[in-house]
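Remember, it's 1-based here, ligands and their atoms both numbered in the order they're listed. Basis for what follows: all heavy atoms, side chains included, without hydrogens, waters or symmetry-related copies.
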Amino acid sequence: MKHNLALVGFGVVGQGLVEILIEKAEDLKKRHGFDYSVVAVSDIQKGSVYDEKGLEIQKLLSLVAENGNIEGYPRGIKGWDSLKTITESNADIIVELSFTNIETGEPAMSHFKAAFETGKHLVTTNKGPVALAYKELAEMAEEKGVQFRIEGTVMSGTPVVNLATLCLAGNDIREIRGILNGTTNYILTEMEKGQSYEAALKQAQELGYAEAVPDADVEGWDALAKVLILSNVVMGGALKVSDVEREGITKITLEDIRKAKDAGKRWKLIGQTRKENGSIKAKVSPEMIPTSDPLAGVGGATNALTFDTDLLGQVTVVGAGAGKRETGYSVLTDLLDIHRTLKK
Ligand code: HSE
């Protein structure tokens, strides 16, 4: 089965996805019967191109590497904005990778709704709309008979949302707790090696872990968005941003880190959500945990989450939480799942 994909947003994650799609094209066809064309790419900074017969995606990557944009693509229709690309292209799956906005969810919120309205499946790594309005969006997708996939919103391609909603189905998940932000975990790990906060943040940005505005990471907003997603998608809550206590890592000094080390402890930014007296309580805060705690051993941009379940006890998943290919992969896993479902 062949799928026409339109990419809204062609930053680090979009390019990571396209690299993977090129590398794995043969294997995806052979092993999964998954064939694709990328018919459109629309990015607010890099430009927009549409060809209903499919774009030459290696060319798009080269153009971005050479010029920082895709304006010089030799064929196709240029200049369509994101909404026109979503509503008027012949894509059947929209891959929404525009920037995250945790206050309004826009422009991604409008992109999601436009995709559903025009009967297109949607895969996203964009936390904003999912954290703010998952239930409403999921209902809209269901009403329109299309799929809405969000694996990459939490811990990049490491299975979390699909693990919790599909593989752990039937369990009562009582608590989810762990390290949910790669940038801050990377910074804390580097600071423990003696690196300054500023230098570590700069490296995290260069490695593609950090959000466009890194306050989102260091002030705990990114982890908060993920905690909200877990609370509302997995735990069945209806929490809002203001329901989640939040503190980032900006107040942690090298001195604090040294003191923790001397006491056999380590600072981690911990996100948690749990069921308590019939309601869901969630928070994000730095915690000084003993080095014997399994979460203390999770360093760099790696993330980890422990699900406390009634039937299995604790289930922990440790893996990539950010990164170009890691997040690009999250889209692939959702695309393959849509493909499997449509094949039935
Ligand atoms: N900025 C995020 C992080 C990216 O550092 O974890 C993945 O959501």
Discussion item. Among Asn185, Asn181, Thr184, exactly one meets side-chain hydrogen bond (donor to acceptor under 3.5 Å, both in side chains) together with Asp217. Which residue is that?
Written reply: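 Between Asp217 and the candidates, side-chain hydrogen bond (donor to acceptor under 3.5 Å, both in side chains) is satisfied uniquely by Asn181.
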Discussion item. I need the full list of side chain to side chain donor-acceptor pair (under 3.5 Å) pairs touching residues 52-68, with sequence neighbours left out, sorted by first then second residue.
Written reply: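 Residue pairs with at least one partner in residues 52-68: Glu56-Arg75.
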Fill in: Residue contacts for ligand 1, heavy atom to ligand atom, distance under 4.0 Å
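Answer by chain and number: Lys127, Asn181, Gly182, Thr183, Tyr209, Ala210, Glu211, Asp217, Asp222, Lys226, Gly321, Ala322.
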Worksheet item: Is any NZ, NE, NH1 or NH2 atom of the basic residue among Asp262 and Arg258 found under 4.0 Å from an Asp or Glu carboxylate oxygen of the other?
Response: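 The answer is no: the pair does not qualify as a salt bridge.
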Discussion item. Taking Lys202 first and then Glu190, would you say they form a salt bridge - that is, a charged N and a carboxylate O separated by under 4.0 Å?
Written reply: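 No, Lys202 and Glu190 are not salt-bridged.
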Discussion item. Can you confirm whether Tyr50 sits close enough to Val39 that some side-chain heavy atom of one is under 4.5 Å from a side-chain heavy atom of the other?
Written reply: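 They are in side-chain contact.
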Discussion item. Using 30° and 60° as the class boundaries, would you call the ring planes of His3 and His339 parallel, tilted or perpendicular?
Written reply: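 Answer is perpendicular, since the angle exceeds 60°.
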